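What you see below is based on every heavy atom in this structure, not just the backbone, and it leaves out hydrogens, waters and symmetry mates. The structure displayed is predicted, hence computed values, not measured ones.
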Amino acid sequence: MDGNPRGRRAALKQSTVATKDDYLVDFLVDMGVVNQNDLGPVRTEADSTGQGVVDLLLARNLIKPADVTRAKAAQFGAEVVSLGDMRLSDDVISAIPRHIAKRYKVVPLFRNNGSITVALNDPADLDTIDSLHHLLNQEIEVRVATEDDIDQAINKYYGSSDDSVGKMIQEITEGEVDIGLVGANLKEADDGSVVDADAPIIKLVNTLIVEAFKARASDIHLEPLEKRFRVRYRIDGMLHEIKSPPKRLQASIISRIKIQSNMSIAEKRIPQDGRIQMAVVGKTIDLRVSCLPTTHGESIVMRILDKEGLKLGLPELGFFTDDQQTFERLIGLPDGILLVTGPTGSGKTTTLYAVLNYINRPDRKIITVEDPVEYVLSGINQVHVNETVGLTFAAALRSILRQAPNVIMVGEIRDLETATIAINASLTGHLVFSTLHTNDAPSAVTRLIDIGVKPFLVASSTRALMAQRLVRRVCRRCGAPYQPTEAEMRSLRVDPADLAKATFQKGKGCPDCKSTGYRGRFGIFEIFVIDDEARKLIYDKVSATVLRARAREMGMRTLREDGTRKVLAGLTSPEEVIRATISDIE
């Protein structure tokens, strides 16, 4: 055995690992992360099984990966960095090619004359440091980060797959694409073919859309800033910046998107709107495209409209059983108006589409007036508002009433004429759904009266008002028991009687949720059913505060109270509900 070189190298390696483990364990003890009582049994098991002490401590959850990272840094006097809190420029990222960063698991942080500062997980890995020195011909300075931080940073700045945005950008940048040629030739030929010089930009735009869809993004934001062209995805209501193309590709990318969405590429002075339809991973998706001239170029926002969202039932929207029963009763009424309120992005349109799907039957005629029509619904007549030719909400509604519908959905009540026609329709045997922009349910009454609707019309036509917000759902994969702070408990006003059966949850962060701790969203609701006493108050033009007090007496749960119920059920976190709602006024 002693004469076997391979055996000697293996024994030497095992000895080196053991020595390094001993040093790390000493630092962990000095840091107070692990105590001697826990360490004794782990050392015994490590000796008998041949496993590393640190590995066993991690496996038993006696320490965290972040503790090991801090210990490694302390051992070599290196600084620990949090890559998630840093924003690295394209110039710094380009200092280390993608294949080297992925192979050696390093992320460039700073670039100085003759040296590069990198983040890696193990400062004792001299082989990696030497290899980087020779490959880059630069002096290497070291910072320490966790493995998860490094993996996420590499995926963010270099791309997570061979067909990622980062890969496309690198190929175009290294290929030195002729920007003038790309801008001139951004047109498909009559036979549908594409000029070869345009292929990289076309591929990049398609990849941006595909990656956004895979990441469950609702919007893609392409924003021209002074010195860079920023790309962000909105995922579960939050914006996440991704690897952005060089500023020099800005004009070509915007032109390509404008052509796809049938906008004029010659017009750059006024806003334009368009649509794109394309197949992504076996599904057909629509993109609603908005182009807005800004100081540093045209800003593009693409709203991804996935028809799968239309299949949501009422439980998937976030209703608990009691609220769902109330809501089902309301949408089954033969006439009246039901308003859904909330700010932009609160899920009002999704709720109304889910309602239309729920009540869509062969014996009912349903007509919608929308601006724009976001989803095409089977079996439902949908009218797209076009103000340039005089087809306004009000004009469409007047014509719709001659079509003898049972149910009408008005995308939004914006003015007195639209509100009056919608309310009159609800008084003549039609069930009307619409939306308003108000902060809570009772305020919708005040809003209608403010725009000029007579109080007696509001009182006699309105069946119910529902306010809603969207909150993020705790990731099912990494969600774990969690104890809220006293401040959170005070803000939520949790009844002490409910604490015994509460299951507070909070996501730790995992690849499935991209380390956010959340995956998906659902609604929290405030349903105000109008009864005779409430109608009298509306007729008397009382304030929203008085109307809200009456609604509370009737048993209406506020948005925060409904959110608190869902926090207690472990569906979302206290900070999400506090962020999305205002404190209840008693």
Side chain to side chain contact (heavy atoms under 4.5 Å, CB included) between Met238 and Thr516, worked out: CA-CA 10 Å; Met238 300 293 179; Thr516 61; over 6 Å; no
Shortest non-hydrogen separation from Pro123 to Val142 and the atoms involved: CB-CG1, 4.2 Å
Side chain to side chain donor-acceptor pair (under 3.5 Å) between Tyr518 and Ser573, intermediate numbers included: CA-CA 9 Å; Tyr518 301 96; Ser573 67; 2.6 Å; yes
Salt-bridge present (Glu241, Arg232; N to O < 4.0 Å): no
Residues which pass side-chain hydrogen bond (donor to acceptor under 3.5 Å, both in side chains) with Thr128, listed by chain and number, not counting sequence neighbours: Asp125
For Ser255 against Ile265, the heavy-atom pair lying closest together: O-CG2, 3.7 Å
Non-hydrogen atoms of Lys247 and Glu226 that approach each other most closely: CE-O, 3.9 Å
Side chain to side chain contact (heavy atoms under 4.5 Å, CB included) assessment of Val118 paired with Val107: CA-CA 5 Å; Val118 302; Val107 177; over 6 Å; no
Approximate separation, where rounding is to 0.5 Å, of Gln250 CD and Leu225 CG: 8.5 Å
Set of salt bridge (charged side-chain N to carboxylate O under 4.0 Å, His left out) partners for Glu141, sequence neighbours left out: none
Lys566 charged N/C atom sitting above Phe320 aromatic ring, 6.0 Å / 45°: yes
Glu575 and Ile578: CA distance, side-chain angles, deciding distance, side chain to side chain contact (heavy atoms under 4.5 Å, CB included) verdict: CA-CA 5 Å; Glu575 62 185 357; Ile578 293 169; 5.6 Å; no
Only distances under 3.5 Å count here; give the side-chain donor-acceptor pairs of residues 291-301 to other protein atoms, sequence neighbours excluded, each with its distance to 0.1 Å.
{"unit_1": "Thr294", "atom_1": "OG1", "unit_2": "Gly297", "atom_2": "O", "d": "2.4"}
{"unit_1": "Glu298", "atom_1": "OE1", "unit_2": "Lys258", "atom_2": "NZ", "d": "3.3"}
{"unit_1": "Glu298", "atom_1": "OE2", "unit_2": "Lys258", "atom_2": "NZ", "d": "2.8"}

Asp67 and Lys64: CA distance, side-chain angles, deciding distance, salt bridge (charged side-chain N to carboxylate O under 4.0 Å, His left out) verdict: CA-CA 5 Å; Asp67 298 328; Lys64 299 176 182 178; over 6 Å; no
Minimum-distance pair of heavy atoms, taken over all atoms of Val577 and Gly563: CG2-O, 3.6 Å
Worked check of side chain to side chain contact (heavy atoms under 4.5 Å, CB included) between Leu568 and Phe504: CA-CA 6 Å; Leu568 294 173; Phe504 295 105; 3.6 Å; yes
Side chain Asn121, main chain Ala145, donor-acceptor under 3.5 Å: yes
Where at least one partner belongs to residues 467-477, residue pairs that pass salt bridge (Lys or Arg N to Asp or Glu O under 4.0 Å), sequence neighbours excluded: Arg472-Glu576
Exercise: identify the closest heavy-atom pair between Ala119 and Val81: CB-CG2, 4.2 Å
Pair Asp151 + Lys105, salt bridge at N-O below 4.0 Å: yes
Arg579 atom CZ, neighbour heavy-atom count above 12 within 6.0 Å: yes
Closest contact, heavy atoms only, Val289 versus Met302: CG2-CG, 3.9 Å
Approximate separation, where rounding is to 0.5 Å, of Thr572 OG1 and Ile524 CD1: 8.0 Å
Inter-residue atom distance Ile304.CD1 - Arg288.CZ, 0.5 Å rounding: 12.0 Å
Test item: Asp149 side-chain N/O and Leu83 main-chain N/O as donor-acceptor pair under 3.5 Å: yes
Thr351 side, atom OG1; Phe525 side, atom CZ - distance, nearest 0.5 Å: 5.0 Å
Side-chain (Gln505) to main-chain (Gly570) donor-acceptor, under 3.5 angstrom: no
Arg230: partners by salt bridge (charged side-chain N to carboxylate O under 4.0 Å, His left out), with sequence neighbours left out: Glu223
Separation of Met489 CE from Leu492 CG (nearest 0.5 Å): 8.0 Å
Pair Asp236 + Arg519, salt bridge at N-O below 4.0 Å: no
Salt bridge (charged side-chain N to carboxylate O under 4.0 Å, His left out) against Arg565, all qualifying residues, sequence neighbours excluded: Asp322, Asp323, Asp562
